[in-house]
Every structure is written in C-alpha cells, then in structure tokens.
Amino acid sequence: MVTVISLGGSIVAPEGVDEAFLNGFVSLISSFIEADPNRRFILVVGGGGPARGWQKAYRGIKGGVAKDDEADWIGIMATRLNAQLVKAVFSDYCSQEVVTNPTQVDPLTGRVLVAAGWKPGFSSDYDAVLLAERFHAEAVINLSNIEKVYTADPKTNADARPIDRISWEDFRALVGDEWVPGKNVPFDPVASRHAAKIGLKVICAAGRNLENIRKILNGENFTGTTIG
C-alpha cells in the first residue's frame, strides 16, 4: 500500500524549520511503517517560508518586469532544500534520492520516497498527483496550515463556511484554473484539474494535528475536507 502525502512547506518551514513538528511527524510515519511491512509513503514537500520570502524579494527588486517562471524556479529550489531535509530525517527508510521529476522515477526500493518541485507552471501538489497516479494510490493527503477548505477566505469573509466534502467541479470553481507562483489556495488549480481527470481523491487537513493525521492514515473519522 502506497500513501502519498503532499507535505506543505508552511508546516515544514513556516519561517525557519519547525523541528518539533518534523520530530513528531517522523515518529508518526515510522510507527505505521513498523506496524505494516507493506506500507510505503511518498512525501512531496513544498517550499514554505523560504519560497515566499525569496519570491517576494525577487519581485520587490524586479518590480513590474518580474517573470513568473523565475519566481517559480525560486520556489522550486526552496522545495528541494526542504525535501532534502525530510529525506535526511527519514534516512532509515529512504534509500532513493529526492525525486525532482515525477515522470521519471524508479520503482520504490525503500519504505519512504521524498519528492520536491519539478518545473514552472504548477506547485508541488501537481507532482503529488502524478506520483499518486504512477504508484496507484487511492488518494493524496494534503497537509497544510488550514484545517478545512472554506467556501471563501475566512480571514477576509465572515460568511465563509468550512466544507467537509466537495466535488472536483465545485472545488475548481473556488480555486480557478490559473497557477501563479506563491498562490495561496488549498490545492493547486493545475493539480486539481489532473486529479479530477483521473478520479483521484484528495484529503485536505491540518498538518500539525498529528493525532488527526493518525486517524486519516487509519481510515477513521477525521477533521478535514475530502475533495472528489
């Protein structure tokens, strides 16, 4: 059984590295690996604070002539730094190098595979969808700094309501189809389009709630939003 987790950079490195979270996350994933010899995990890591900070600096310096591709590459490099850290802390189970192209990946040889950003035009969420398709995972567990998807941004709209379950059609109406580097949405629009096409389920949940993640992995009732 392969479980794909899109591990948001906002929980790995919101500003600096969140060592307490990573320590707890490694313990949690390790407990599932040790309990089931057939359990494998693919962890796709986002850019987080470093990506946003460096992209903001680039746009501040270049102003109106800043290019989205350049900003995307900055974000991609941040995902690769974070992913290298995650690979290192899972070194007991991860025998392969960090994947940077989800269309060219060897069969799994270890219990954990770590992946990072690929190329401009989408976020690491899309890489997670491609890897779920490649290794026949039933879902992508998308862990970020939000507990659920809302009907609107709750920070700016007092009428925003949390959603427990939503179709891909309705979710895509919320997030649109366009990707902009650093765009703050629950799941990348490009990844959403492909996930809808292949009938993949995505679970969005709070990344720092380790007990809730345990429930998701155990197939128990959990707090979050199921898309698809």
Side-chain angles (χ1 to χ4, degrees), residues 4-22 25 42-89 97-103 114-131 140-147 149-150 152-157 160 171-172 174-195 202 204-208:
V4 178
I5 298 177
S6 183
L7 189 58
S10 59
I11 55 174
V12 173
E15 298 303 331
V17 175
D18 190 335
E19 294 182 34
F21 162 74
L22 276 179
F25 184 73
I42 297 175
L43 309 176
V44 186
V45 189
R52 291 189 301 272
W54 269 242
Q55 287 171 336
K56 181 180 178 181
Y58 164 67
R59 293 190 185 281
I61 294 167
K62 295 296 289 185
V65 298
K67 299 177 180 178
D68 281 351
D69 273 10
E70 295 287 2
D72 247 342
W73 275 119
I74 292 168
I76 288 165
M77 292 307 170
T79 74
R80 294 180 182 182
L81 175 61
N82 289 340
Q84 199 67 42
L85 171 62
V86 172
K87 176 189 181 298
V89 297
E97 294 302 314
V98 171
V99 172
T100 56
N101 183 344
T103 68
V114 179
W118 176 20
K119 61 182 180 179
F122 41 80
S123 77
S124 54
D125 289 340
Y126 183 58
D127 304 327
V129 170
L130 293 181
L131 288 166
V140 169
I141 301 171
N142 183 51
L143 302 179
S144 68
N145 57 1
I146 63 168
E147 187 175 72
V149 174
Y150 279 74
D153 187 347
K155 294 179 181 177
T156 59
N157 189 335
F171 180 79
R172 291 180 62 200
L174 284 177
V175 301
D177 287 321
E178 183 182 359
W179 167 250
V180 177
K183 186 172 184 175
N184 187 20
V185 290
F187 203 69
D188 172 356
V190 178
S192 298
R193 183 167 62 242
H194 194 67
V202 170
C204 294
R208 290 192 177 83

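Numbering starts at 1 and runs along the sequence shown.
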Check: R193 side chain, R172 main-chain N or O, donor-acceptor pair, under 3.5 Å: no

Tell me, please, which residues at least two apart from W118 pass ring-ring contact (aromatic ring centres under 6.0 Å, His included). F122

Just by modelled atom types, is the G117 backbone N or O under 3.5 Å from a matching donor or acceptor in the R80 side chain? yes

Heavy atoms only: give me the nearest A13-P50 pair and the separation to one decimal. O-CD, 3.5 Å

Any donor-acceptor N/O pair, E15 side chain to G49 backbone, under 3.5 Å: no

State the CG-CG distance between N82 and L43, to the nearest 0.5 angstrom. 12.5 Å

For the CH2 atom on W73, are there more than 12 heavy atoms of other groups (residues, nucleotides or ligands in this structure) within a distance under 6.0 Å? yes

Residue pair S10 / R208: nearest heavy atoms and the distance that separates them: O-NH2, 3.2 Å

Minimum heavy-atom distance P120-D69, with the two atoms named: CB-OD1, 3.6 Å

Given K56, K62, Q55, the one that forms side-chain contact (heavy atoms from CB on, under 4.5 Å) with Y58: K62

Side-chain contact, heavy-atom cut-off 4.5 Å: Y126 with P102? no

Could you point out which residue of V98, V45, V17 forms a side-chain contact (heavy atoms from CB on, under 4.5 Å) with L85? V17

To the closest 0.5 Å, what do you measure between CD1 (I76) and CG (L81)? 14.0 Å

Closest heavy-atom contact between A115 and A83? O-CB, 3.8 Å

For F187, which residues count as a ring-ring contact (aromatic ring centres under 6.0 Å, His included) partner, sequence neighbours excluded? none

What pair of heavy atoms forms the shortest contact from G121 to V190, and how long is it? O-CG2, 3.6 Å

Roughly how far apart are I11 CD1 and L22 CG, rounded to 0.5 Å? 8.5 Å

Identify the heavy atoms of G47 and T79 that sit nearest to each other, and give their distance. N-CG2, 3.4 Å

side-chain contact (heavy atoms from CB on, under 4.5 Å) between F25 and L143, worked out: CA-CA 11 Å; F25 184 73; L143 302 179; 4.1 Å; yes

Answer yes or no: is there a side-chain heavy-atom contact under 4.5 Å between I146 and C204? no

Exactly one of D188, D125, D127 clears side chain to side chain donor-acceptor pair (under 3.5 Å) with S6, and that residue is D125

